[in-house]
2 protein chains.
Amino acid sequence: MNGDDSQPTRWLNEREREIWLALREFIWEFPAALDRQLQRDSEMSIVEYSVLAVLSECSGARKRAGDLASDLGWERSRLSHLVRRMESKGVVERMHSDIDGRGQDVVLTAAGWAAIRAAAPGHVTFVREAVFDALTPAEQDVLESALTRIRARIAEDGLWAGTAGPACPPVEPTPEDCGVEA
Amino acid sequence: MNGDDSQPTRWLNEREREIWLALREFIWEFPAALDRQLQRDSEMSIVEYSVLAVLSECSGARKRAGDLASDLGWERSRLSHLVRRMESKGVVERMHSDIDGRGQDVVLTAAGWAAIRAAAPGHVTFVREAVFDALTPAEQDVLESALTRIRARIAEDGLWAGTAGPACPPVEPTPEDCGVEA
DNA sequence: TTCCTTTAGTTGATGCGTCAATTACTCTGA
DNA sequence: TCAGAGTAATTGACGCATCAACTAAAGGAA
């Protein structure tokens, strides 16, 4: 796909332009809006939330740094920098792995648990009200299918990088599972 | 909307979680994919492209910095930093305004024209093939309507910042309009 | 064991966006 | 005509992401 000069460029028509502008605005503003909601209500960024969320879902609230990075679809170094900053805020800790001398585990602290438990309801409510309450189930299906097809097209071209993993847990964070007091 | 603790949080169910993960991945990866395509094929970023695109569509390929910033939905300072970098690459120039001593006009140079004319076909083709060729017209309508409603919901909450303007011209850049040779 | 390769994670340099402060100019009203 | 308020744009500091080294440990083969 693309890179073929033999055909004249098919420019967008008026209707397509409208749709494209809506899509374009959406992809720039929606992530920023997620960030603003969390910053406003919970004083954390969406990326910090993502880390806490993934940790809260794994047993012992503890995970190898590399696994965490690949769950999130991030580079190791991005996670490393972020974990350092989060450690200084006291929401996570680094502990060296029992099984691999090179490894570092990232662990949720009690403060981290408190932070994710406080932030999750507001975040999920925001997503539910902004997205799910705004769309019928049929529209939700079309949306998912459309986005998935767009993704597949771009992946064919080798331009879809990440499996920007789970994160933003739609399920309730349950410290009990991990032996940490709520 | 939001901020109401009186009702229990409505967590996402399995189906909603699936949809949310698809949407979430999409909003993080799609902008990055646009950037990669332009970087790969035209050695420019999507934000540089946006500036060139807006300029290419205005008469004289020249526009007040402030107007340009608001067209793009950006802060003035972001544009100022970017224009400085682009000026050093030779694709735009700054000239002080005739009508307002405080003002600066940003002007497309001949090299800037060449750059946008070379990049636009590939970019538009990428968008067409990734988005429009992947969706039926009915799906395109649902998509636009869904995104617009989500946007409206978030705007009610005061969390939708920008009118991330036009940019990424779906129409062919035409230097003739501006009295610059192709 | 010893050497070599691979892997885990960190670090520092760089680039970009945001925010607050600053400069320079315009506009308004006494 | 001049003081004060408002506006246009720039600048510098800071936070975060990316990339290219770099350190340290694991794994494999002779």
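Per chain, numbering begins at 1; letters A, B, ... match sequence-line order.
Here A:E156 does not pair with A:R151 in a salt bridge; the nearest charged N to carboxylate O distance is not below 4.0 Å. Under the 4.0 Å criterion applied to side-chain N and carboxylate O atoms, A:R17 and B:E57 are assigned as salt-bridge partners. Salt bridge annotation for B:R94-B:E87: present, with a cationic side-chain nitrogen under 4.0 angstrom from a carboxylate oxygen. Taking 4.0 Å as the cut-off between side-chain N and carboxylate O, A:D133 and B:R10 count as a salt-bridged pair.
At whole-Å resolution of the value, CG in A:L68 and P in C:dT10 are 11 Å apart. In this structure, the CE atom of A:M95 is 14 Å from the P atom of C:dT10, given to the nearest Å. Note: CG (A:D98) to C1' (C:dA8) measures 15 Å, nearest angstrom. Put simply, NE2 on B:H96 is 11 Å from P on C:dT26, counting in whole angstrom units. If you take CE of B:M86 and C1' of C:dC16, they are 14 Å apart, rounded to a whole angstrom.
Remark: of the listed residues A:L82, A:V91, A:I116, A:L82 is the sole one forming a side-chain contact (heavy atoms from CB on, under 4.5 Å) with A:E48.
With sequence neighbours left out, the side-chain contact (heavy atoms from CB on, under 4.5 Å) criterion links B:A69 to B:L79.
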>> So if I define the base as every atom that isn't primed, P, OP1 or OP2, how would nucleotides 8-18 of chain D read as a B/S/- string at a heavy-atom cutoff under 4.0 Å?
In response: SBBBB---SSB

